[in-house]
J.: 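Got a structure for you, questions after.
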Amino acid sequence: MIEISSVTKAFSGFRAIDNLSLHIRSGEYVALLGPNGAGKTTLVEMIEGLQKPDSGTIAVMGKTWKQNPAYLRNLMGISLQETRFIDKLTVGETLDLFGSFYGLGKGRSREVLQLIGLEEKGRSFTVNLSGGQRQKLALGIALLNQPPLLLLDEPTTGLDPNARRELWEILMTLKGQQRTTLILTTHYMEEAQYLCDRIVILDRGQILADGALSALLDSFAKGEIIELETSHPMPENTLQALPGLIEWSQEGTSKIKLTVTNITLTLPILLDKLRSLTIEAVAIECRKKTLDDLFVAMTGRRLNE
Ligand SMILES: Nc1ncnc2c1ncn2[C@@H]1O[C@H](COP(=O)(O)OP(=O)(O)OP(=O)(O)O)[C@@H](O)[C@H]1O
Ligand SMILES: [Mg+2]
C-alpha cells in the first residue's frame, strides 16, 4: 500500500525525518508512536502529499504525488493534528460540503453522522461542538468517501476516556470490514496496543523499532516488573538472592524496581523475606513490561517526557 524509501526532510538544516524507509501492506493497522517532535506529523503529511520530501521517494499503491495527485486524493481519508471547521456551517452541512468534493450525496452524510454518533448534533453549528465532538467530526470527514487508506494524526488527543473508547470502536468496526489500511499517530500506548497490529516507534526522525507489540516486547524488554516501596531499606544481599531476578535498581533509600523472569515465582519469596525482616511493604506494583519500558531501554528517555 505504501512504500517509503530513504526519505529525508529537514527544516533549516534540522532533520525532522532522517533517511527513513517503511513499507506498509494493504489492510495493516499501523501506529506511529513517539515523543513530541519525533517526526510523526512530518512523515504522515508527506504520505498525504501536504509536504514534500527533500530526498527519497514515497509511493502509495505504486503511485507518487507528482504523477497522480487526483488518484491519491481519492484514495485517502485524512484528519490532521488540528482541525478548524467553518464556524457558521452546521455539522450536517459540513459533511455535505466535504461529501460534495467527492460527488457524494446527502445520504452518505447521514450515514457518516450515524457512524460517528453525532446524529443529535447534525443541526448544531460546528463552533458549538465540544473538543471530543470536533474530533469525531474530523474522523467523519475522513471516512466520507470510504477511503481504503486512512491517516489519522493524533485522533484522540485530549479526549476523555469514554470518547476515546467510542472512537476506537469506530476504527475497530472498520478493521472488521477489512477494507481499510490505517496509519495512526498517537502518544497513547494503550491506543497503539488496542488498535494496531503493528507498532512503529519513531524518535528523532528515525525508526527505533517496528513490529507486533508482543514481538517488540520479547526482543527488547525481557521480564516483568515489581516496584516496591518499603518502610526500611532492604539489605542488598537479600535482594540479590531472590529467585528469577534479572536486574534491580534503587530509587532513594526505600524504592526498588526489580526485573524478574516471572512475578509469581519471585513475589511470594519477596513477601516472606520482608516479613522475616519485619520490613513493611508500603506499596507494591506488579506489571508486565510496556512500550514505555521498551522506549526507556532504547533511549534512556520516557515516551511521554
Ligand atoms: N514547518 C516546520 N518548520 C520548522 N520546523 C518544523 C516544521 N515542522 C516540523 N518541524 C520540526 O520537525 C520536528 C518534527 O516535528 P513533527 O511535527 O513531525 O513531530 P511530531 O512527532 O508530530 O510531534 P508531536 O507529537 O508534538 O505532534 C520538530 O522538531 C519540529 O519542530
Ligand atoms: Mg504531530
Side-chain angles (χ1 to χ4, degrees), residues 2-22 24 28-58 60 65 76-85 131-132 134-139 141-142 149-161 163-164 167-168 171 181-196 198-211 213 216 290-296 298-305:
I2 303 174
E3 188 79 64
I4 300 168
S5 308
S6 311
V7 163
T8 293
K9 174 79 181 174
F11 298 104
S12 331
F14 172 82
R15 289 184 167 202
I17 292 294
D18 190 2
N19 194 27
L20 183 147
S21 297
L22 180 66
I24 291 169
E28 276 188 311
Y29 264 41
V30 180
L32 286 182
L33 203 65
N36 291 127
K40 303 180 296 294
T41 296
T42 307
L43 180 62
V44 170
E45 290 191 352
M46 286 193 286
I47 301 170
E48 293 164 348
L50 299 174
Q51 301 201 44
K52 275 199 198 119
D54 298 335
S55 60
T57 56
I58 296 181
V60 182
W65 275 101
M76 295 184 192
I78 70 180
S79 84
L80 303 179
Q81 189 162 352
E82 268 187 56
T83 311
R84 303 256 160 79
F85 302 111
R134 301 177 82 83
Q135 308 270 69
K136 285 186 186 168
L137 179 55
L139 175 63
I141 291 170
L149 176 59
L150 201 54
L151 297 135
L152 308 176
D153 198 353
E154 296 195 28
T156 66
T157 294
L159 296 192
D160 72 38
R164 181 169 302 144
L167 221 134
W168 289 0
L171 295 174
T181 306
L182 171 73
I183 299 177
L184 161 128
T185 78
T186 183
H187 292 273
Y188 301 112
M189 286 168 280
E190 324 83 87
E191 180 160 299
Q193 292 177 8
Y194 184 75
L195 290 174
C196 297
R198 183 172 169 196
I199 291 165
V200 175
I201 300 184
L202 216 63
D203 188 39
R204 300 181 174 166
Q206 295 183 325
I207 294 175
L208 281 190
D210 176 0
L213 176 69
L216 288 183
T290 64
L291 286 173
D292 199 37
D293 296 309
L294 169 67
F295 193 77
V296 173
M298 288 189 297
T299 67
R301 289 169 286 129
R302 304 193 73 92
L303 256 175
N304 286 326
E305 236 162 47

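Numbering of residues begins at 1 and proceeds along the displayed sequence. Both counts, for ligands and for their atoms, begin at 1 and track the order of listing. These numbers were taken from a predicted model, which means no experiment stands behind them.
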J.: Holding to side-chain contact (heavy atoms from CB on, under 4.5 Å), I want the full list of residues that pass it with Thr41, two or more places apart in sequence or in another chain.
T.: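 Residues passing side-chain contact (heavy atoms from CB on, under 4.5 Å) with Thr41: Glu45, Gln81, Asp153.
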J.: Can you list the residues that meet the side-chain contact (heavy atoms from CB on, under 4.5 Å) rule with Glu190, with sequence neighbours excluded?
T.: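 Counting only residues at least two positions away or on another chain, Glu190 forms a side-chain contact (heavy atoms from CB on, under 4.5 Å) with Trp168, Tyr188.
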J.: Measuring from atom CG of Leu32 to atom OG1 of Thr185, what distance do you get when rounded to the nearest 0.5 angstrom?
T.: 6.5 Å
J.: Around the Mg ion (ligand 2), list the protein N/O/S atoms within a radius below 2.8 Å, excluding water molecules.
T.: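 Under 2.8 Å from the Mg ion (ligand 2) - ignoring waters, which are not counted - the protein N, O or S atoms are Thr41 OG1, Gln81 OE1.
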J.: Can you tell me how far apart CG (Leu20) and CZ (Arg15) are? Round to the nearest 0.5 Å.
T.: 12.0 Å
J.: Is the closest side-chain heavy-atom distance between Asn19 and Ser6 below 4.5 Å?
T.: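 They are in side-chain contact.
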J.: Rounded to the nearest 0.5 Å, what separation is found between the CG atom of Leu213 and the CD1 atom of Ile199?
T.: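 Here the rounded value is 4.5 Å.
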J.: Could you list each N/O atom of ligand 1 together with any protein N/O atom closer than 3.5 Å, one pair per line with the distance?
T.:
residue	atom	partner	partner atom	Å
ligand 1	18 (O)	Thr41	N	3.4
ligand 1	18 (O)	Thr42	N	2.9
ligand 1	18 (O)	Thr42	OG1	2.5
ligand 1	19 (O)	Gly39	N	3.4
ligand 1	21 (O)	Ala38	N	3.1
ligand 1	21 (O)	Gly39	N	2.9
ligand 1	21 (O)	Lys40	N	2.9
ligand 1	21 (O)	Lys40	NZ	2.9
ligand 1	22 (O)	Thr41	N	2.9
ligand 1	22 (O)	Thr41	OG1	2.7
ligand 1	23 (O)	Gly37	N	2.8
ligand 1	25 (O)	Asn36	ND2	3.4
ligand 1	25 (O)	Lys40	NZ	2.7
ligand 1	25 (O)	Glu154	OE2	3.4
ligand 1	25 (O)	His187	NE2	3.0
ligand 1	26 (O)	Asn36	ND2	2.8
ligand 1	27 (O)	Gln81	OE1	3.0
ligand 1	27 (O)	Gln81	NE2	2.9
ligand 1	27 (O)	Glu154	OE2	3.3

J.: I need the Tyr29 OH to Leu171 CG distance, nearest 0.5 Å.
T.: 5.5 Å
J.: Are side-chain heavy atoms of Gln135 and Ser79 found at a separation under 4.5 Å?
T.: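 No; the side chains remain at least 4.5 Å from each other.
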J.: Are more than 12 heavy atoms from other residues, nucleotides or ligands located less than 6.0 Å from atom CZ of Arg204?
T.: no
